[in-house]
**Student:** 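Got a structure for you, questions after.
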Amino acid sequence: MRSAPRATVHLLTLAAWLAGCASTPPPAPVGPASLGAEETTVAAQGLTEVKLRYSGQLTSPGAAVLEKADYELVSDGQVVQKGSAPLGVTLAPHAPTPFSFQAEAAYVRTPEDLRALSQRGGTLLVALRGTLTVRVGDSVRTLPFAASRPVRVPRLPVVRLESLDGARYSEEQVDLLLRLGVENPNPFPLRLDGLTWAVSVGGRKLGEGAQGKYDTVDASATGVYPLEVAVTKETWGQDVRALIAKGTLPYEVAGELTGPLVRVPYSLSGDVKLNVSR
């Protein structure tokens with residue numbers, strides 16, 4: 001019996017190898033990951049800045065790694081910050097995996113912007129949006145994300161006169177005790193640089209100064225600053241007896257409240273009825 005030619009054997013071997021390859025399908029490609037449970041929350045808010053936290057759940061049909069989030073922080077329709085947050089979260093197949101990151105930005109940049117927002121009132125919309133980068137083996141895919149929420153607009157503080165007492169010690173001496181209130185209408189603490197004041201009685205300045213340097217007024221609270229001036233012949237003048245004899249004193253207290261992007265001038269005036277001598 002004669003053996004088959006060598007070329008024929010090679011052809012048969014190649015055909016068998018090709019047939020075997022055709023019978024083994026290539027691995028199916030991994031589909032895209034799905035994103036759910038998106039939420040943006042306020043981690044911290046101040047008069048001029050806000051810190052947002054984005055969270056979500058990512059589900060991948062195959063093993064993958066959520067590498068990073070490239071984001072934009074948006075306030076009132078304007079992009080105020082861009083950045084990238086590294087994540088490095090391992091995704092198991094078909095398992096919803098939670099992840100989160102934070103971003104912080106100034107959402108008020110000028111005193112004029114702050115004044116305009118304060119006058120407008122209400123709420124503004126803040127958001128985090130961008131793309132997630134997911135690595136599956138040697139391939140990289142991106143997935144868009146976005147979540148927003150309303151926050152109360154920042155509001156300027158208000159300077160008020162909490163109380164005013166006039167104690168008459170004699171026909172030539174009255175002590176005035178004023179309590180100035182700094183009202184913080186915001187749901188977050190308010191940092192101050194200072195509160196300047198000047199007190200006048202009957203058109204004549206009796207004293208001036210500053211209070212509250214680097215103080216903080218709690219959320220939705222009022223900080224109170226006492227001031228005391230004396231109406232005497234030395235501070236007011238020779239006609240002080242006639243002024244005190246009227247029983248009421250016309251007064252004015254004026255100055256400026258300052259803080260980060262805050263410039264609030266104030267002027268409060270009226271008449272104070274004198275108490276009896278102590």
**Student:** Just by distance, do the side chain of Asn184 and the backbone of Phe188 share a donor-acceptor pair under 3.5 Å?
**Tutor:**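 At least one qualifying donor-acceptor pair exists.
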**Student:** Looking at side-chain heavy atoms only, is the closest gap between Glu49 and Glu104 below 4.5 Å?
**Tutor:**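 Yes. Closest side-chain heavy atoms under 4.5 Å.
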**Student:** Do the side chains of Thr248 and Leu274 get nearer than 4.5 Å, heavy atoms only?
**Tutor:**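 No, too far: nothing below the 4.5 Å cut-off.
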**Student:** Do you know the tightest heavy-atom contact between Tyr107 and Gly46?
**Tutor:**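 Scanning both residues completely, I find the closest heavy atoms to be OH-O, 2.9 Å.
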**Student:** Does Ala95 offer a backbone N or O that forms a donor-acceptor pair with the side chain of Thr97 under 3.5 Å?
**Tutor:**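 It does hold such a pair.
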**Student:** Is there a side-chain contact between Arg179 and Leu177, using heavy atoms and a 4.5 Å cut-off?
**Tutor:**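 Touching, per the 4.5 Å side-chain cut-off.
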**Student:** What is the minimum heavy-atom distance between Glu162 and Thr222, and which atoms define it?
**Tutor:**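 Shortest heavy-atom contact: OE2-CG2, 4.0 Å.
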**Student:** Under 4.5 Å between side-chain heavy atoms, chaining through other members, with only Ile, Leu, Val, Met, Phe, Trp and Tyr counted: pull out the rest of the cluster around Tyr214, sorted by chain and number.
**Tutor:**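 Same cluster as Tyr214: nobody, lone residue.
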**Student:** Arg53: what forms a side chain to side chain donor-acceptor pair (under 3.5 Å) with it, not counting sequence neighbours?
**Tutor:**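 For Arg53 the side chain to side chain donor-acceptor pair (under 3.5 Å) partners, ignoring immediate neighbours, are Ser100.
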**Student:** Please name the residue in the list Val253, Asp165, Val201 that meets the side-chain contact (heavy atoms from CB on, under 4.5 Å) test with Leu176.
**Tutor:**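 Answer after filtering Val253, Asp165, Val201: Val201.
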**Student:** Are Val136 and Leu87 in one and the same hydrophobic cluster, where Ile, Leu, Val, Met, Phe, Trp and Tyr link if side-chain heavy atoms are under 4.5 Å apart?
**Tutor:**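 Same hydrophobic cluster.
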**Student:** Evaluate side chain to side chain contact (heavy atoms under 4.5 Å, CB included) for Leu91 paired with Val134, printing each intermediate quantity in order.
**Tutor:** CA-CA 9 Å; Leu91 306 175; Val134 180; 4.3 Å; yes
**Student:** Do Thr59 and Gln57 come within less than 4.5 Å of each other through their side chains, counting heavy atoms only?
**Tutor:**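 A side-chain contact under 4.5 Å is absent here.
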**Student:** Please find the pair of heavy atoms, one from Phe145 and one from Leu35, that lie closest to each other, and give the distance.
**Tutor:**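 Residues Phe145 and Leu35, closest heavy atoms: CB-CD2, 3.6 Å.
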**Student:** In terms of hydrophobic clusters joined by side-chain contacts under 4.5 Å, are Tyr251 and Leu227 together?
**Tutor:**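 Yes: a chain of side-chain contacts under 4.5 Å links Tyr251 to Leu227.
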**Student:** Do Leu249 and Asp271 come within less than 4.5 Å of each other through their side chains, counting heavy atoms only?
**Tutor:**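 Not touching, per the 4.5 Å side-chain cut-off.
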**Student:** Quick one: NZ on Lys205 to OG on Ser200, what's the gap to the nearest 0.5 Å?
**Tutor:**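 Here the interatomic distance stands at 6.5 Å.
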**Student:** Can you find a pair of side-chain heavy atoms, one from Val151 and one from Thr123, that are under 4.5 Å apart?
**Tutor:**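 In short, these two side chains do not touch, never coming nearer than 4.5 Å.
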**Student:** How far apart are the closest heavy atoms of Pro98 and Val89, and which atoms are they?
**Tutor:**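 For Pro98 and Val89, the tightest heavy-atom pair comes out as O-CG1, 4.4 Å.
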**Student:** Would the number of heavy atoms belonging to other residues, nucleotides or ligands and lying under 6.0 Å from CD of Glu112 be above 12?
**Tutor:**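 Yes.
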**Student:** How long is the gap from OG1 on Thr196 to CD on Gln211, to the nearest 0.5 Å?
**Tutor:**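 Atom-to-atom, Thr196:OG1 and Gln211:CD are 11.0 Å apart.
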**Student:** Using the test salt bridge (Lys or Arg N to Asp or Glu O under 4.0 Å), find all partners of Arg120 that sit at least two apart in sequence or belong to another chain.
**Tutor:**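 Counting only residues at least two positions away or on another chain, Arg120 forms a salt bridge (Lys or Arg N to Asp or Glu O under 4.0 Å) with Asp76.
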**Student:** Would Arg263 and Thr258 satisfy side chain to side chain contact (heavy atoms under 4.5 Å, CB included), going step by step from the backbone distance to the final call?
**Tutor:** CA-CA 5 Å; Arg263 296 290 183 274; Thr258 58; 3.7 Å; yes
**Student:** Do the non-hydrogen side-chain atoms of Val174 and Tyr169 ever get within less than 4.5 Å of each other?
**Tutor:**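 No, too far: nothing below the 4.5 Å cut-off.
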**Student:** When you measure from the side chain of Arg191 to the backbone of Leu47, do you find a donor-acceptor pair of N or O atoms at a distance under 3.5 Å?
**Tutor:**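 Not at all, since once roles are kept as given, no pair shorter than 3.5 Å links the two residues.
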**Student:** Check for me, please, whether Tyr225 and Val229 land in the same ILVMFWY cluster - side-chain distances under 4.5 Å, paths through other members count.
**Tutor:**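 Result: yes, single cluster for both.
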**Student:** For Leu192, does its backbone N or O pair with a side-chain atom of Asp215 as donor and acceptor, under 3.5 Å?
**Tutor:**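 No; judged by distance alone, with no hydrogens or angles, the pair does not exist.
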**Student:** Considering all heavy atoms of both residues, which atom of Val79 and which atom of Arg129 are nearest to each other, and what is their separation?
**Tutor:**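 Result for this residue pair: CG2-NH2, 3.5 Å.
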**Student:** Evaluate the criterion side chain to side chain donor-acceptor pair (under 3.5 Å) for residue pair Ser267 and Glu252; output intermediate values, then yes/no.
**Tutor:** CA-CA 7 Å; Ser267 178; Glu252 180 184 20; 2.8 Å; yes
**Student:** Do Glu228 and Leu178 have side chains that approach each other closer than 4.5 Å (heavy atoms only, starting at C-beta)?
**Tutor:**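 Glu228 does not reach Leu178 side chain to side chain.
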**Student:** Is there a donor-acceptor pair closer than 3.5 Å between any side-chain N or O of Thr131 and the backbone N or O of Pro144?
**Tutor:**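 Absent.
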**Student:** Taking only residues two or more places apart in sequence or in another chain, which ones pass side chain to side chain donor-acceptor pair (under 3.5 Å) with Asp113?
**Tutor:**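 Expected list: Thr110.
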**Student:** Is it true that Val182 and Val224 fall in one hydrophobic cluster, defined by side-chain heavy atoms closer than 4.5 Å?
**Tutor:**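 In one cluster with Val182: Val224, no.
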**Student:** Who passes salt bridge (Lys or Arg N to Asp or Glu O under 4.0 Å) against Arg149, sequence neighbours left out?
**Tutor:**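 So Arg149 forms no salt bridge (Lys or Arg N to Asp or Glu O under 4.0 Å) with any residue.
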**Student:** To the nearest 0.5 angstrom, please state how far the CG atom of Leu261 sits from the OG1 atom of Thr48.
**Tutor:**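 Taking CG in Leu261 and OG1 in Thr48, the distance rounds to 5.5 Å.
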**Student:** For the pair Leu206 and Trp236, evaluate side chain to side chain contact (heavy atoms under 4.5 Å, CB included) and give the outcome as yes or no after the intermediate values.
**Tutor:** CA-CA 7 Å; Leu206 299 184; Trp236 198 86; 3.9 Å; yes
**Student:** Hey, does the side chain of Ser170 reach the backbone of Gln173 with a donor-acceptor pair shorter than 3.5 angstrom?
**Tutor:**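 Pair found, side chain donor or acceptor close to backbone of Gln173.
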**Student:** Just verifying a value: how many Å separate Asn186 CG and Ser118 OG, rounded to the nearest 0.5 Å?
**Tutor:**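 Interatomic distance, Asn186 CG to Ser118 OG, rounded to 0.5 Å: 8.0 Å.
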**Student:** Output all residues satisfying ring-ring contact (aromatic ring centres under 6.0 Å, His included) with Tyr71, sequence neighbours left out; order by chain, then residue number.
**Tutor:**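 ring-ring contact (aromatic ring centres under 6.0 Å, His included) list for Tyr71, sorted by chain: Phe101.
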**Student:** Testing the 3.5 Å rule here: is there a donor-acceptor pair between the side chains of Glu38 and Tyr54?
**Tutor:**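 Result is yes, a qualifying pair exists.
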**Student:** Which is it for Leu132 and Thr142 under the side chain to side chain contact (heavy atoms under 4.5 Å, CB included) test, yes or no, and what are the steps along the way?
**Tutor:** CA-CA 5 Å; Leu132 303 173; Thr142 59; over 6 Å; no
**Student:** Using a strict cut-off of less than 4.0 Å between a Lys/Arg side-chain nitrogen and an Asp/Glu carboxylate oxygen, indicate whether Asp70 and Lys68 qualify as a salt bridge.
**Tutor:**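 A salt bridge links Asp70 with Lys68.
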**Student:** Is Val50 reachable from Val80 through a run of hydrophobic residues whose side-chain heavy atoms are each under 4.5 Å from the next?
**Tutor:**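 Cluster IDs for Val80 and Val50 match.
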**Student:** Determine yes or no for a side-chain-to-main-chain donor-acceptor pair under 3.5 angstrom, with Gln45 supplying the side chain and Arg152 the backbone.
**Tutor:**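 Such a contact is found between Gln45 side chain and Arg152 backbone.
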**Student:** How far does CG of Leu161 sit from CG of Leu268, to the nearest 0.5 angstrom?
**Tutor:**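 It comes to 6.0 Å.
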**Student:** To the closest 0.5 Å, what do you measure between CG (Leu73) and NZ (Lys51)?
**Tutor:**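 The distance works out to 12.0 Å.
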**Student:** Would you find a donor on one side and an acceptor on the other, under 3.5 Å apart, between the side chain of Thr235 and the backbone of Ala230?
**Tutor:**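 Between the backbone of Ala230 and the side chain of Thr235 there is a qualifying donor-acceptor contact (under 3.5 Å).
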